[in-house]
**Q** 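Sending over a structure as structure tokens; questions will come in a sec.
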Amino acid sequence: MGKKAVILLSFYFLVTVNAYGKETIKLGVAGSHSGDLASYGIPSLRAAELVVKEINTKGGVLGVPVEILAEDDVCKPEIATNTATKLISRGAHVVLGHICSGATKAALSLYLDAKIIVMSPSATNPELTQSGRYPNFYRTIASDDAQAKLDVDFAINNLKLKKLAVVHDKGDYGKGLAEYAKKFIAASRKAELVLYEGVTPGALDYSALVQKILRSGAEGVIYGGYHPEAALIVSTMRKKGMKTYFISDDGVKDETFIKVAGSYAEGVYASGPKDVSKNPLAIAALAVHRKVYSAEAGAFYLNAYAATQCLLTAIEKAKSTNYEKIGAILHREYFNTPLGKISFDRRGDAIGVGFSMYQVKNGAFVEIK
Amino acid sequence: MVIRVNTIEKTVNWRFGNLLLVEVGSFILSLLWQYLFARREKMTKNNSAKYRAILSRFFSGKIRFVVGFAVLLFPFLLSTYHINVLTTALIYVVLGLGLNIIVGLTGLLNLGYVAFYAVGAYLYALLNHHFGFTFWICLPLGGLVSACFGLLLALPVMRLRGDYLAIVTLGFGEMTRLVLENWSDLTYGPSGISGIAPPTFLGITFGIRGTMIYLYFLMVAFCLLAIFLVRRLRDSRIGRAWVAIREDEEASRAMGINTSKAKSIAMMIGAAWAGMMGVVFAAKTTFVNPASFSFLESAMVLSIVVLGGIGSIGGIIIAAFAVILLPEYLRFLSDYRMLAFGCAMVVMMIFRPQGILPYHRRTYEFKEVHR
Amino acid sequence: MDYFWGLFISGLTKGSIYALIALGYSLVYGIIELINFAHGEIYMIGAFTSLIVVSLLLMEGMTGWGALLLSLIVAVIYAAAYGFTVEKIAYKPLRQASRLSPLISAVGMSIFLQNYVLLAQTPDFLPFPNLIPEISFLKRIFPLMTPAEIAILLTTACLMVVVTFIVKFTKMGMAMRAAAQDRMMALLLGVNVNRVISHAFILGSSLAAVAGVLIATHVGRVNFYMGFIAGLKAFTAAVLGGIGSIPGAVVGGLVLGWAESFGAGYISSDYEDAFAFFLLILILIVKPSGIMGRATQKM
């Protein structure tokens, strides 16, 4: 009996001893830090690390250092709920994340229950702010209705296309964008929607889809989704000799897309966050990344940089980590960030950020004015 | 292992260190293998009687009280994360017990068990989302609807045996997932359903930690119920019918057992358990989407049943805990978790196929009394 | 009409790949009545091996046909070695055991191989360079087919002939058929059944490797998970055609490829994967032994 008691007791102690360390402000960073969409999540993690390091050298927030709690959700909604639970139970005060709209949506109700503010640098699904269900959610990127409008307007007005196909990956982000695209095409009365299809991500090949696009006679494809599928669809189309225009979203505007699709990526259009590289804060942020990680910053880096700054500055200005107080500051104040001077509207969308169109020219994305 | 190619970055990574590792590693492993092989006969011999004696001594009287007390005390001493993991393990215990009825007792190789799990989860998600049905109403409903699903699967596979049965059930599982993914009007597709209400206790809603503790106790209760039911079923008429079907279907039919009815009942009961667990799962994670219900889940539950010992309750409990808890707590090995999993399955099958804690029907020995 | 033929050809292409993999399943099942779950992973390993070899060769400056063929040979040898080893480790010790044990072992092996490649390489989708050059006169004759598709069809057709030849006219083929018919009897008559089984695995794995390389060239990317889905569908094809039957595997593969292609093209591309299983359940209810299987099912 004695031996068993000792074993049991030591087990208890082992599992209940948490890090009873110093008080810190805990910034949860949730996103795809591994997996095929890691190229979207890792730049945000790095942005948070750099901002936090700078703030800590200046004395931290409210006099205590900031601690990063990083959790990986691989951009999968079902894992995101676990991630959220973990961050909540680890005591995160605010959360930077998640990266993908689907994952963010899955986790938000948990954060709402726990009264934690969540700011995403990249989740663009409009419903997240427009439904009003998540008053704890903010983002430093414009939402997809703006993006879809840009894509459709570009296709119709700039490329002068009359027959459009809209394809999506059935996920929250891709399908959301596609639905808006469909709406805007119908409203424009200048072009016809000849095909509206969903594809399964991770499928072996999309030859059936490409056949359908060919048959529909579409002059351009507007794709809502991420770069792995887009790369495969584009290469399949080009291999079949199709010259159809391909216009996509910020889930495709990524270095990795060009690397995977290779020469087939040439000429592909994708919308993405407005280019702010002339902004001095942006230049500084990019330089820091180059110095510390010896590489160029990836997708959404500046958005995440801005978001981290907003969150931590808001805590400082609110003089507390209270949910309502931080929210009030975020709505009221303007923040100086690499994206410019931004604030947040009633619903949580950022005021002062937008999208622009890019095209792959000579192996790199170039902004089209 | 030696060469790693990345055609995205256009790099080739030569890792000659790994070459040495592979050489030496395979040499040592092959020696180990041959040694274990030679001892294989001794390993498969049944020491279960000895283990059972030890276990029953362990769980008697005072120890039982202490363990029970510990189980009750656990959630209040641990963080939410640990409770979450334990609850997940308990869910898999009940799933394992449910599949045990189909595979272990009746011998119907069902590789699509996850379909029933999904049905329960989505039932609760949809009813809660559209009509606000609460957890306690949906729990029995989930069981009922899943049982119907079980019947639906049982009907076409009645005539199939062995491997054909396996592949059809696998297909059934995959088809369920595909329907969930694509019938977006009904199921909201890959984006899933979020904001599912956690269970309430007489109208009181808890916070996150409270819900977790509540679910933990609920699962403990379910486990005990499941263990009780499986024990009773095993010794009942229908249980014996199942075992007879497993051993030899023709003979059982010849003996007058209605095999169709027995098989259907087995499928339905197993499905009902999975359905109820699905409801609990949906309540626990407050979010469901089709990706949580892939073949991998079925494979995991099947391995729990097989690794634990087909038909053995204690073994299944141990296996479920091992399969769920080990990867969580040995986080530093998390990358290698699936690798170890696959390896363990192969090794267990070769060296100890009867499972961790094999089940033996009670035998009575008649000893000659010398007069 | 073009649409129809486009679908027909992509169905034919997919079906040929399924047929190649299904052959491996059938060969093995015929003799030891085991669903080799790890077979899909062998297919994936073949694709990965060829990716590695091709990348190396491209760095050295070799391009086109040569690189592809060389990588094919290496992939086949490598995959055959894997198949042989997997059999010796995971299946041979379990030959006397019940139905369930080797099946679980196979699933375990499949998981092991998948994650082994995942860890040794990368979880990303790696692009496979397009090595088959455009041959202009072929483009005029078969305007709807890409060179890769033509290559797949030709290769598969040749391999089918080769396999049929092996099974029908060589001593090893005869031994395989004998072992498939009645293993104990074959053993008693002096056939080295262990050797025969190893040969079946080697043959099956080689075919799967070829399929892997072909698909990698055609689709243009490889990923550690590709073996799982392909393996599942190919196994469905094998059962569809009658497991254990060689022509059955081919017929099953083609039927499945067409069903998927036409189903996706005319009905709905969402449920593409479901058509395979739906068809399977249908056939199994109507004719449980598959399209070309033996009427009396060996239990």
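Just so it is clear: chains get the letters A, B, ... in the order the sequence lines come, proteins before strands, and each one is counted from 1.
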**Q** Between C:F228 and chain B, which part of the residue has a heavy atom less than 4.5 Å away: side chain, backbone, both or neither?
**A** side chain

**Q** Using heavy-atom distances under 4.5 Å, tell me whether C:Y91 contacts chain B through its side chain, its backbone, both, or neither.
**A** neither

**Q** How far apart are the C-alpha atoms of B:F295 and C:L232, what are their side-chain angles, what is the distance that settles it, and do they pass the side-chain contact (heavy atoms from CB on, under 4.5 Å) test?
**A** CA-CA 11 Å; B:F295 170 67; C:L232 209 61; 5.9 Å; no

**Q** Can you say whether B:L178 sits under 4.5 Å from chain C via the side chain, the backbone, both, or neither, judging by heavy atoms?
**A** both

**Q** Heavy-atom count around C:K92 NZ within 6.0 Å, excluding the residue itself: above 12?
**A** no

**Q** Between B:V346 and C:G108, what is the shortest heavy-atom contact and its length?
**A** CG2-C, 3.8 Å

**Q** Are any of the side-chain heavy atoms of C:F235 and B:L170 separated by less than 4.5 Å?
**A** no

**Q** State, to 0.1 Å, how close C:P93 and B:I350 come at their nearest heavy-atom pair, and which atoms those are.
**A** CB-CG2, 3.8 Å

**Q** I'd like to know which of B:V103, B:I167, B:V168, B:V347 tops the heavy-atom pair count under 4.5 Å against chain C.
**A** B:I167

**Q** Using heavy-atom distances under 4.5 Å, tell me whether B:L111 contacts chain C through its side chain, its backbone, both, or neither.
**A** side chain

**Q** Between B:L339 and C:Y116, is there a side-chain heavy-atom distance shorter than 4.5 Å?
**A** yes

**Q** Pick one of side chain, backbone, both or neither for B:W183, based on which atoms fall under 4.5 Å of a heavy atom in chain C.
**A** both

**Q** Considering only heavy atoms, which portion of C:L103 lies under 4.5 Å from any heavy atom of chain B: side chain, backbone, both, or neither?
**A** side chain

**Q** How many angstroms lie between CD1 in C:I89 and OG in B:S30, if you round to the nearest 0.5 Å?
**A** 9.5 Å

**Q** Which heavy-atom pair separates B:A299 from C:V107 by the least distance, and what is that distance?
**A** CB-CG1, 4.3 Å

**Q** Roughly how far, to the nearest 0.5 Å, is NZ of C:K233 from CD of B:E174?
**A** 9.5 Å

